[in-house]
Amino acid sequence: MYPLKKGLNVTLAMILVAAITEGCTQKTTTIDAEAKPQEQAKTQEKLEPVTLKVYQTQAYWTDEDFKTLVQDPVQKKYPHITLEFLSKSSVEKAITAGEEIDLVSVWNGLMPQYDDMGLFEDITPLAKKMNMDLGRFDPGALESVKAATKSGLLYGLPNWVQIYVTYYNKDIFDRFGVPYPKDGMTWDETIDLAKKVTREDGGTQYLGLDPDYLTRMLTPQSLGIVDGRTDKTDANSEPYKQVFETGKRIYDIPGNKPKEGIMKGSITDRFIKDKTVAMLTTINLFDKLTADPTLNWDVAQYPSYPNKPNLYGAYDINVTTISKTSKHKEDAMRVLEVMFSDEVQLMSSRAGKLPLMKDPKFSAEFLKGNEAFKDKKIQSIFKSKPAPAAPPYSNFYTKSRGILVDKFKEYAESKKDVNTALREAEEAINQYIKSEKP
């Protein structure tokens, strides 16, 4: 956070003559104006030049993003800091080799894996020492960062969150004379609407609704498949059953299965390139939607479960952490100070990366200034909020997710009933985890 500068208050007795008052005021102002740059220069002299190594575990920042949203603002505020962006270097290899690591951008779902490798430590004491105001952040986001690992400690700060959106092709709805999707719709209402636009017309099969991947539908229920505290799953339970049954109703609409198969093929190609999907419920695709100006699209609020109104995917967060082994932790915190300043967070929002700050002014600026989005109902997205944090992710999450998805496909294709599919999924996941443990 940028430090606040307090102006000089000068109180003068009323008995002073006007000329003296003016003279004193001018003198004080001049001294103050001269002193501040000198003080700033002295402060800057104390900060030794330093190069900080910045890694990312996945492609969160492009080189251009990093330059605009991190490197340039940091250089402006703290010219003694040089950032070396190792965007394509392996964090795991760097840890194993004992190489210098100062800052890491990481998905909260991967934090348990890197925590086991000794990458993190609690940044709360350092934030307090450096006057980082944690009260500016979305409390649910901070809790989700803490909940990401078994320790429950704050290992980093939430940089931006993945958003969930209902995209729709206006031309398909217009072709069939069907009203566009509205904000506040439940999954059942969305499925009913999809039935009206799932049609074959002029030799083209139009899909009414593509829900993307099963995990998109799990996250509003705060379902993480495997509990990272126990390394067990409770997939054979009512919340998972609700998701499975909702998903099957989508694919049971006659003509609504992609030709590539359930949860196969490219969702972006079907919606953007082929223009055969009426509604697509998924995450942020705004960088891709502008590729074809002939695509006549808009957005609506993500569908909700009746028992979870106005909730979309759980806090799916990009987190910026300071390495436990960094030799320059105070300078690393200065980088975070700049990254999470109002100025940079507003820039991030306008660039399509949604900040996790408490003040609604940041979401109000989302994609502002980009002509491609000026007539779109962007603010519909923010009528939903991320669901509460799920239990910590497990190191066994990825393969367990694959097992669960395979069982869902068997159920959606009517090869198994829902109870059998869920029971087998739970048994298979727990058996897999047991076989992997020492």
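Here the structure is a predicted model, which is why all the values come from computation and not from measurement.
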Residues [X], [Y]: salt bridge by 4.0 Å N-O rule:
X	Y	value
Glu330	Lys129	yes
Arg216	Asp212	yes
Lys407	Glu410	yes
Asp210	Arg270	yes
Asp102	Lys327	no
Asp201	Arg199	no
Lys377	Asp183	no
Arg249	Asp252	no
Lys150	Asp115	no
Lys434	Asp231	no
Glu121	Lys329	yes
Asp331	Arg334	yes
Glu64	Lys67	no

Answer with yes or no after comparing the ring centroid distance for Phe382 and Phe366 against a 6.0 Å cut-off, counting only values under it.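 So the answer is yes for these two rings.
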Are the aromatic rings of Phe286 and Tyr167 close, with centres under 6.0 Å apart? yes
What distance separates [X] [atom1] from [Y] [atom2], expressed to the nearest 0.5 Å?
X	Y	atom1	atom2	value
Asp72	Lys77	CG	NZ	16.0 Å
Phe173	Tyr206	CZ	OH	13.0 Å
Thr198	Phe176	OG1	CZ	9.0 Å
Glu99	Lys93	CD	NZ	10.0 Å

Ring pair (Phe, Tyr, Trp, His ring centres under 6.0 Å) contacts in which one or both residues fall within residues 82-121, not counting sequence neighbours: Phe66-Phe85, Trp107-Tyr393, Phe120-Tyr155
Between Val338 and Val74, what is the shortest heavy-atom contact and its length?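 Looking at all heavy atoms of both residues, the closest pair is CG1-N, 3.7 Å.
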